[in-house]
Every structure is written in structure tokens, then in C-alpha cells.
Novice: 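I have a structure I would like to understand better, so I am pasting it below and will then ask my questions one at a time.
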Amino acid sequence: MTVFIQYLVNGLSMGSVYAIIALGYTMVYGIAKMLNFAHGDVIMVGAYVSFCATSYLGLPGWASVILSCVACTVLGVLIEGLAYKPLRQAGPLAVLITAIGVSYLLQSIAQLIFKSKSQAVTISETHMVNIGSAELNLNTILTLVVGAVIMVALTLFVKYTKTGRAMQAVSEDRGAAQLMGVNVNKIIMITFAIGSALAACAGVFYLMQIPSVSPTLGSMPGIKAFAAAVIGGIGSIPGAMLGGVILGVVEKLALSVPVLAPYATAIEFALLIVILLVRPIGILGKKRREKV
């Protein structure tokens, strides 16, 4: 039972990381109606900023997190303004190809600067704490708690603030929101800024669990987080949270079984297929009426 609790908490912690990343995907899709496949590489940029802050500048872990969030927020705004804003009226295929191009651009720049070799990074020291009969990593608990706080804060922001309500209006009907005086371009820019800041936080939490950074760091977490967003219902903030937690728990429980451990990733994506077969719009997804 003690081992099960440890794997469950580890799964919830990793699920929180996936959920934070998935929130960026689902917010951008819900409001801008596009899939930002460069989102995973923003995680990588945030991880490298934290790596440089701790390794070269000697900053403490908490300062590297702040610096990472600021850098990724600026990067997200630049990507939206330079790559996606000119394609606002373009078809979805053009936007998708651009997103993939931005993804490879960020990876290539990182490879030119830091080379392709993985580098070890320590954001915070590892401390173990005893909860009942279970021995848990303090970083795991910290990730779980902060992840939960971020998700609750984001939900309250979207639901109760003026900007959040404007985001909901743009998500429901961009044209009507614009007629009501909502600055759509500004709302989309804010959405990218928030999503990129979340990606930076997720990158730091990911490094706490897997302390190694490389130019392709964000590829697999980004894909898994996208799967989590689809499982929960793409465009739904609670769905992104739920999908991330489900995927994280399934991953850690599969890794705890020696026979299933080599197939953990395959099991996660098999779960995605099964859920989509049963409920194509995701667990908490809502059917949208398309205008003809």
C-alpha cells in the first residue's frame, strides 16, 4: 500500500505538469482556434533559461523560475505577433505548418547555442519527507501543490476577471465579441502570454523530476500534454486539468509494473484512442454548433 501511495502521488505530480502544459494548448485553441505545436518548445526555452540562471548566474531556484516565466512570456508574445498574427485570416493548414516551423526553429537555435548533448541541471536539492508510512520527494509534493494553485488561480481568473470574461466571449464568437468592443488581437496576445508563462512553470517542474535539459526536451511532454488536452476535451480548462492528471497517474502506475514499464508511453496513447472512440469530444468537451 505504501508503494502504491508513492506512485500515486508521483503520478499526480507528473499529471500536474502535463495539466499545466495542456492548459496552454487548450487556452490557445479555445480562444484563437489554432493548435500551437511550438508550445512544447517554449517549455524547452524556459528550462534552458532556468539552467543558465542557476548554472552560470548562480541564482537560487525561485529566482530562476521568475526569470524563466518572464523570458517565456516575452517569447510567447513575439511568436504570436511575428508568426501567427499575420495569419489571422489564413486557413488552419497554413497556421499548423507555421507552428511546426516555429517549433523546429526554436529547437535549432537551442542546438546551435547549447549543442545537442543533454546537460544536468539542479533547480532545487532533493529532500525526502515522511507522510505516514510513505517516503515522498519534497519536490514532488511542491509540484503537486503549486500545480493545483496555478490551476485554481487560472480558473478564477477566466471566470471572474474582465479579461477572463473577454476571453470567454472571444472563444464563443470572435465576431460578436469584436462588435461588443473587445480587442480580439489583444486578448489573443494575452492568451499566448499566459500560456507561455505556464509553459515556463511546467518546464521548471519537469526539471525537478527529470533533471536534464536538451534541445528536444519539450517534444515528448508537449505531445503528452496535447494528448491530455484532447482526453479532457480540447478547449476546456477543467478538461485539460483532468486529462493531465489522468495521463500522469496512468504513466507512473504503468512504470511501477515491470512488465508494463517498457510500454508506458504506448499505454498512454492507447488510452487516448479508447477515450476518443467512446467520447470523441473528450471527457469534459462540449459540442459546438458550427455556423453555416
Novice: CD1 of Ile234 to OG1 of Thr26: how many Å apart, nearest 0.5 Å?
Specialist: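 Going from the CD1 atom of Ile234 to the OG1 atom of Thr26 covers 4.5 Å.
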
Novice: What are the two closest heavy atoms between Ser212 and Leu217, and how far apart are they?
Specialist: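 Closest pair (atom of Ser212, atom of Leu217, distance): O-CD1, 3.7 Å.
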
Novice: Could you state the interatomic distance from CG (Leu198) to CE (Met27), rounded to the nearest 0.5 Å?
Specialist: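 Reported to 0.5 Å precision, the distance equals 7.0 Å.
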
Novice: Does Ser116 form a side-chain contact (heavy atoms from CB on, under 4.5 Å) with Ser214? I'd like the steps, not just the answer.
Specialist: CA-CA 6 Å; Ser116 58; Ser214 70; over 6 Å; no

Novice: Mind running side-chain contact (heavy atoms from CB on, under 4.5 Å) on Lys186 and Ile190 for me, showing each step along the way?
Specialist: CA-CA 6 Å; Lys186 180 181 177 182; Ile190 292 172; 4.0 Å; yes

Novice: Transitively linked via ILVMFWY side-chain contacts under 4.5 Å: Val213 with Ile109?
Specialist: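 Linked within one cluster.
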
Novice: Kindly work out whether a path of hydrophobic side-chain contacts (I/L/V/M/F/W/Y, heavy atoms less than 4.5 Å apart) joins Ile210 to Val45.
Specialist: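 Yes, one cluster joins them.
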
Novice: Identify the residue among Val274, Leu272, Leu276 that makes a side chain to side chain contact (heavy atoms under 4.5 Å, CB included) with Ile231.
Specialist: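 Filter result, single survivor: Leu272.
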
Novice: Which heavy-atom pair separates Ala264 from Leu255 by the least distance, and what is that distance?
Specialist: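 Where Ala264 meets Leu255 most closely, the heavy atoms are CB-CD2, 3.8 Å.
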
Novice: Please say yes or no: joined through hydrophobic side-chain contacts below 4.5 Å, possibly via intermediate residues, are Ile194 and Val152 part of one cluster?
Specialist: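 Looking at the clustering, Val152 is in a separate group from Ile194.
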
Novice: Output the distance between atom CD1 (Ile79) and atom OG1 (Thr98), rounded to the nearest 0.5 Å.
Specialist: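 So the gap between those two atoms works out to 12.0 Å.
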
Novice: Has the side chain of Gln178 got a donor or acceptor atom that lies under 3.5 Å from a matching backbone atom of Asn183?
Specialist: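 Side chain of Gln178 to backbone of Asn183, a donor-acceptor pair under 3.5 Å: no, none is there.
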
Novice: Spell out, as yes or no, whether a donor-acceptor pair under 3.5 Å connects the side chain of Asp41 to the backbone of Met44.
Specialist: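 No.
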
Novice: I need the Ile150 CD1 to Thr143 OG1 distance, nearest 0.5 Å.
Specialist: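 The distance works out to 9.5 Å.
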
Novice: Taking salt bridge (charged side-chain N to carboxylate O under 4.0 Å, His left out) as the definition, give me every residue that meets it alongside Arg88, ordered by chain and number, with sequence neighbours left out.
Specialist: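 Arg88: salt bridge (charged side-chain N to carboxylate O under 4.0 Å, His left out) contacts with Glu80.
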
Novice: Is the count of non-hydrogen atoms from other residues, nucleotides or ligands lying under 6.0 Å from Tyr104 atom OH greater than 12?
Specialist: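 No.
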
Novice: Do Ile113 and Ile43 sit in the same hydrophobic cluster, where Ile, Leu, Val, Met, Phe, Trp and Tyr count as joined when their side-chain heavy atoms come under 4.5 Å apart?
Specialist: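 Yes, Ile113 connects to Ile43 through the hydrophobic network.
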
Novice: Nearest heavy-atom pair of Ser68 and Ser50: which atoms, and what distance?
Specialist: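 Heavy-atom minimum between the residues: CB-OG, 3.5 Å.
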
Novice: Look only at the side chain of Ser196 and the backbone of Ala193, and say whether a donor-acceptor pair between them is shorter than 3.5 Å.
Specialist: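 A pair under 3.5 Å: no.
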
Novice: Hey, could you give me the CG/NZ distance between Leu78 and Lys85, rounded to the nearest 0.5 Å?
Specialist: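 Result: 12.5 Å between the selected atoms.
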
Novice: Is Leu271 reachable from Met220 through a run of hydrophobic residues whose side-chain heavy atoms are each under 4.5 Å from the next?
Specialist: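 In one cluster with Met220: Leu271, no.
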
Novice: Apply side-chain contact (heavy atoms from CB on, under 4.5 Å) to residues Val102 and Phe37 and explain how you reach the verdict.
Specialist: CA-CA 8 Å; Val102 172; Phe37 280 114; over 6 Å; no

Novice: Check the pair Glu251, Lys224 against side-chain contact (heavy atoms from CB on, under 4.5 Å), reporting the backbone distance first and the verdict last.
Specialist: CA-CA 10 Å; Glu251 177 181 308; Lys224 289 183 179 181; 3.0 Å; yes

Novice: To the nearest 0.5 Å, tell me how far Ser16 OG sits from Leu144 CG.
Specialist: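 Going from the OG atom of Ser16 to the CG atom of Leu144 covers 4.5 Å.
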
Novice: Would you mind telling me which of Tyr29, Tyr25, Phe226 makes a ring-ring contact (aromatic ring centres under 6.0 Å, His included) with His39?
Specialist: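 Looking at Tyr29, Tyr25, Phe226, the match for His39 under the ring-ring contact (aromatic ring centres under 6.0 Å, His included) is Tyr25.
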
Novice: Quick one: does any side-chain atom of Thr155 pair with a main-chain N or O of Met151 as donor and acceptor, under 3.5 Å?
Specialist: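 Answer holds: yes.
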
Novice: Distance only, no hydrogens: is a donor on one side chain within 3.5 Å (strictly under) of an acceptor on the other, for Ser13 and Gln209?
Specialist: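 Yes, a side-chain donor-acceptor pair sits under 3.5 Å.
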
Novice: Between Ser171 and Met167, is there a donor-acceptor pair closer than 3.5 Å when you use the side chain of the first and the backbone of the second?
Specialist: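 Not at all, since once roles are kept as given, no pair shorter than 3.5 Å links the two residues.
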
Novice: Which heavy atom of Gln107 sits nearest to which heavy atom of Ser219, and what is that distance?
Specialist: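 What the structure gives for the nearest pair is NE2-OG, 3.4 Å.
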
Novice: Just so I know, are the side chains of Pro221 and Ile21 near enough to count as touching, which here means a heavy-atom distance under 4.5 Å?
Specialist: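 In contact.
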
Novice: Might you point out which heavy atoms bring Leu247 and Ala227 nearest each other, and give the distance in Å?
Specialist: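 Distance-wise, the nearest heavy atoms are CD2-CB, 4.3 Å.
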
Novice: With a 6.0 Å cut-off (strictly less than), is the heavy-atom count around OH of Tyr263, excluding the residue itself, greater than 12?
Specialist: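 Counting neighbours around OH of Tyr263, 12 or fewer heavy atoms of other residues, nucleotides or ligands fall under 6.0 Å, so no.
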
Novice: Quick check: does any side chain N or O of Thr191 sit under 3.5 Å from a backbone N or O of Ile187, one acting as donor and the other as acceptor?
Specialist: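 Yes, because the side chain of Thr191 sits within donor-acceptor range (under 3.5 Å) of the backbone of Ile187.
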
Novice: If you look at every heavy atom in Leu87 and Val95, which pair is closest and at what distance?
Specialist: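 Minimum heavy-atom separation between Leu87 and Val95: O-CG2, 4.0 Å.
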
Novice: Kindly state each residue pair satisfying ring-ring contact (aromatic ring centres under 6.0 Å, His included) with at least one member in residues 159-214, sequence neighbours excluded.
Specialist: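 Of all non-adjacent pairs touching residues 159-214, those that pass ring-ring contact (aromatic ring centres under 6.0 Å, His included) are Tyr84-Phe192.
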
